[in-house]
Each structure stands twice: as C-alpha cells, then as structure tokens.
Amino acid sequence: MAAFKSIPGTFDILPDGYTSGGDYVAPVHVWRRLEEVVRDVMSQYGAAEIRTPILEPTELIARGVGASSDIVTKEMFAFERGSTNYVMRPEVTAPVMRSYLQHSLAQKGGTQRLYYIGPCFRAERPQKGRYRQFHQFGLEVIGAADARADAETIVSLRDILERLGIKQYSLRLNSLGDAESRPAFRQALVDYFTPLEAELTEVSRNRLRTNPLRILDTKVEKERALLENAPRLTEFLNEESKAHHELVKEYLDSAGISWIDDPFLVRGLDYYSRTTYEFESPLLGAQSSIAGGGRYDLLSKEVGSKEAIPAVGFAAGMERIIMAMMAEEISEGEQDRPDVFLVALGDAAIAWTFSAATRLRQKGLKVTYDLRGRSMKAQMREANRQNARFVAIAGDDELVSGQVQLKDMAEGVQEALSLDEIAPRVASSPS
RNA sequence: GUGGUCGUAGCUCAGUUGGUUAGAGCGCCAGGUUGUGGCCCUGGAGGUCGGGGGUUCAAUUCCCCUCGAUCACCCCA
C-alpha cells in the first residue's frame, strides 16, 4: 500500500492505460488525441483558445450560478485566504465572460469565438463519469444574438464527436424563452404544482421551492403524468423567442443534424435563455450527458456588465467523451515511439550512447537507451517494449570501425552504418 | 449529505467451513542464447490479505469502527 494516494475523485493519467477499482483510465495519448481534434475543429470555426486561471473570485462563480447557495457552500472547492475568497473553477463559462469584460474584448471588433480546454473542480461525491477534478472543453461565442451562433456551437460539437468516431449520441433541444417569459413560466409552474404538492415526492417538493424548472426533469412515473397537464414552456415564449428557436432548428436541419425537441429539457441556472441543448450517450450510465450548452444572454449583467451581452456556448465533459470512445472501442491514436534505441555492449559503448544519442537527437530523431547497464538481451527487450523502430547496436568492434549495426525491428534485418547515415536511413523508412 | 455492493501481489482474480511458509494467470526481473527483441521453457522478486479495535489458544477468514473503491440517489454550473 503506497503511503500517499491521489485525492478521492481525482486520478492520474499515465502514459499507459490502467484500471483502478475496475475503472479504466485511458492512456495519455487518448487525451491528446481528443485535444487535437478539439483544437482542429475549433480553428475551423474561427475560435481562438483562451486560458483562464484555475482560481477565481468566489463571488464571480456565485453570481454566475445565481443564488442557489447550496452550490457555492457544498459543491465547490472554495476557501478564504486573507480577505479574499477563492474558488477552484467549477466551470469555465463565467471565467471566460469575466475575462471578456476585464479585457474589453468587445473592443476587438465584433464577436469573440473563444474555446478552452482544462480542468474544473466540484466537491461532489464521485461516481461513474463524475469526478472532483474533471476536464472540460468548451466554446463560448460572445457578442452574437444571431441564431446562426446557437446552431454553430451545436454543429461544431457534432463535428468533434464525428471526428472522434463517436456514433452513439443524441441531441436534445429546447428553448427557455427570454427574461420575461421565463419567470412567467416559472410562476405558472409553481401555481400549478402547489395545490398538488401532496402528490409530489419529497425531492420535487424541495425543487418546487428552490428550482421549480427542475421538476420537469423528474423520472417518477406519477409525476410525469402530472406534467402532462402542466403549463408548457412553449406557450410562454414570445414571438421573438419562437422565431429564434425555429431558425436554430432550420440551421441544424441544413447541417444534417438530427435533434429531439424536448420541452422538458431545462438548465438549473437563471442566466440561461432561449436555446438550451444537451448531447447524451447511451453508454455512460446515470451520468449520460456528454456535453451541454445554450444561450446565456443574461450572464454578462450578472457578473458586472452594464449592458447585456448576448452569448451562447457549450461545455463538454472530456472524461465522458473518452468513456464513450472506449465503449465504442475507438482506436485512439498512437503512443509515442522512439525512432532509435541504442544498445551498448561494454563500458566504452555505454559512454558512447550518450554522445550518440545527443547527436541523433540534434538531427531530430527520437532516441532512447537503457540507463541501467543491463545485458544485451534486456536492452533488446526494452527496445521492443518501447516499440522502437530501429535499434543501433554498438560494441568494441563498432566503436573501432565507426559503424554500428542498425536493426529494423519490424523487418528483423540489420546493416552496418556510420552514425551520420542513421538519420537519412530512418527517414527513408516508412514509420 | 443518503443508500447498495466491494476491498487478497503492479493488474485480473482464486483461496482459507478460523489452524504451520497465502496461490494462479498476466506483467516485472533473470537464465536458457559466449553480441540480437517478439514465441517457448526454467527460475526469481513482489503481499504486515485496506487500516484500527474486539471475540478466540489461534483472525486474511467472525463482529464493530474507520478509510478507500464502485454504483445509484441528491445535485448537476
């Protein structure tokens, strides 16, 4: 038993994949593959990367998520130091908005398309697909009210999933209406359910007070039946919101995306408006959401902007996407492998490996060698384990002649070459 | 925060109806090959049987607590 272990709900990503308590953690090259695809697709959409601090003022996040104080006190890693309250960011939308305002990015002309990749932290009890340190990537399109912006975020996410080879996912879509319709609907829902309170589960009774829209999420049969006659969000949308929603759906159709209109899809927070959506995978258990997004025209004012700045975006859970990739048995890119592994026989050759490696690396090759002075057999085994393309063998004879034996590990053939001939030879061979 | 299940080697798991030195496969190390990997054979290292307490002549095994893992609820920004 090791003396120290990683904090519950956190995990190491190693060069090789491993299982821990039955949980598979994908090797680092899978993560890099995902990140590459994200960067690639994001740049196709004209999005630029933004990196914001892990630590943010607690107040920023508290304003962002609204007054649901439970989230701040119980679900976040927050602490006080001196007179400042810090929080380890639980999401990146509010930080990006903060950064946008802080640096007056609105002055950079038109809309900002910003994407991020990085860790987030929530103090929840871990379960499948839910960790205390987890990783998200996301896109925020700030300064655009146009329905194309809403659709664009969805299409970019679709592109990323497709590029990764993920086939099994679904997209649910809804409109939450604007600053007037949402509170009206919320009130109507409360008015409808209050007389029925006795028929609700305890959970839903709590939601009735704290977050009535969440009742729409219920999985209880009886409550779903009650919802049949409940007020419909769509009835509360004004003409502009309806038109916006229709337009988003038209754009999605033209992009060839299939979606499900789900009037029960809600987000917990008040700053969302109009478009809201969720990508789900059927392969992930209870935490089936792989990405969620929507329009948040009201956030900017919550975090201190004088004017409302229209914005739309999504956040995607990288752990869950990788779980989906693993479940679909997607081949996940390649592990890094050395071009040349140097095998040394004898003390003179051991000293030679260092200078030879330096020289070959300066020519751009990936070069490794054994650091423990082991037997030739062990060195060959190590070269094989590292999946080296070539092995360069040097003993006393080779050091005298100035030529080493370069062995092609896949072909099993070898030839005598000088050190300077190695790089061209490796380059001419198919990797 | 609540509940279910589970903790034996690096990994996946046997096992002990409580009884001398706790096993296998894979992985790791080495030898079989005096300078050649993968396959095969042989050998080896590696475990205070998650931790603490209790019952007992004796606990890895039974009981309690605790920690951890996992799944679900809650929450979901």
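Keep in mind it's a predicted model, so treat the numbers as computed, not measured. The sequence lines fix the lettering, A, B, ..., with proteins before strands; numbering per chain opens at 1.
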Can you tell me how far [atom1] in [N] sits from the matching atom in [M], rounded to whole Å?
| N | M | atom1 | value |
| --- | --- | --- | --- |
| U55(B) | U60(B) | P | 15 Å |
| G38(B) | U33(B) | C1' | 15 Å |
| A58(B) | A14(B) | P | 30 Å |
| A22(B) | G50(B) | P | 15 Å |
| U56(B) | G19(B) | C1' | 12 Å |
| U20(B) | C63(B) | C1' | 26 Å |
| G15(B) | A24(B) | P | 15 Å |
| G46(B) | C57(B) | C1' | 33 Å |

Would you kindly give the [atom1]-to-[atom2] distance between [X] and [N], to the nearest whole Å?
| X | N | atom1 | atom2 | value |
| --- | --- | --- | --- | --- |
| Gln379(A) | G31(B) | CD | P | 12 Å |
| Arg205(A) | C75(B) | CZ | P | 13 Å |
| Phe390(A) | G37(B) | CZ | P | 18 Å |
| Glu124(A) | G1(B) | CD | P | 13 Å |
| Glu75(A) | C74(B) | CD | C1' | 8 Å |
| Gln287(A) | C71(B) | CD | P | 10 Å |
| Arg122(A) | G1(B) | CZ | P | 19 Å |
| Asp370(A) | C29(B) | CG | P | 10 Å |

If you find the nucleotide of RNA chain B closest to Asp23(A) and the one closest to Glu91(A), which residue's nucleotide is nearer the 5' end?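 Its nucleotide being nearer the 5' end, the pick is Asp23(A).
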On RNA chain B, check which nucleotide each of Ser375(A) and Gly412(A) is closest to and give me the residue with the more 5' one.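 Counting from the 5' end, the first nearest nucleotide belongs to Ser375(A).
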Starting the side chain at C-beta, find the nucleotide from [options] nearest to [X].
| X | options | result |
| --- | --- | --- |
| Ala378(A) | G35(B), G68(B), A30(B) | A30(B) |
| Arg374(A) | A77(B), U36(B), A30(B) | A30(B) |
| Ile393(A) | A72(B), A77(B), U36(B) | U36(B) |
| Val203(A) | C75(B), U36(B), C29(B) | C75(B) |
| Leu345(A) | C74(B), G35(B), G31(B) | G35(B) |
| Lys377(A) | G32(B), G1(B), G38(B) | G32(B) |
| Arg381(A) | C74(B), G38(B), U36(B) | G38(B) |

Given the structure, check if the side chain of Asn384(A) and the base of G38(B) hold any donor-acceptor pair shorter than 3.5 Å.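 Donor-acceptor pair under 3.5 Å: no.
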Using only modelled atom types and a 3.5 angstrom limit, is any donor from either the side chain of Lys5(A) or the base of G68(B) paired with an acceptor on the other?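 No, the side chain and the base share no sub-3.5 Å donor-acceptor pair.
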Distance below 4.0 Å between [X] side-chain N/O and [N] OP1 or OP2:
| X | N | value |
| --- | --- | --- |
| Asn211(A) | C76(B) | yes |
| Thr19(A) | U12(B) | yes |
| Gln127(A) | A72(B) | yes |
| Arg130(A) | C76(B) | no |
| Arg385(A) | C28(B) | yes |

Inspect the surroundings of CZ in Arg32(A) and state if more than 12 heavy atoms from other residues, nucleotides or ligands are less than 6.0 Å away.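 Atom CZ in Arg32(A) is not packed in, count stays at 12 or less.
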Checking Thr194(A) side chain against Val190(A) main chain: does a donor-acceptor pair fall under 3.5 Å?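 Judged by distance alone, yes, a pair lies under 3.5 Å.
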Under 4.0 Å between any heavy atoms, over every strand shown, what does [X] touch: base, sugar-phosphate, or nothing? Just pick one.
| X | value |
| --- | --- |
| Arg89(A) | nothing |
| Gln136(A) | nothing |
| Ala286(A) | sugar-phosphate |

Salt-bridge criterion met for [X] and [Y] (N-O under 4.0 Å):
| X | Y | result |
| --- | --- | --- |
| Lys249(A) | Asp261(A) | yes |
| Arg172(A) | Glu278(A) | yes |
| Asp420(A) | Lys363(A) | yes |
| Arg389(A) | Asp408(A) | no |
| Glu56(A) | Arg98(A) | yes |
| Glu49(A) | Arg51(A) | yes |
| Glu202(A) | Arg205(A) | no |

When you compare the side chain of Ile13(A) with that of Pro27(A), does any pair of heavy atoms fall below 4.5 Å?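 Contact flag for Pro27(A)/Ile13(A) side chains = no.
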Pair pattern of RNA chain B in dot-bracket, where unpaired bases get dots and | marks partners in another strand, Watson-Crick or G-U under 3.5 angstrom: (((((((..((((.....[...)))).(((((.......))))).....(((((..]....))))))))))))....
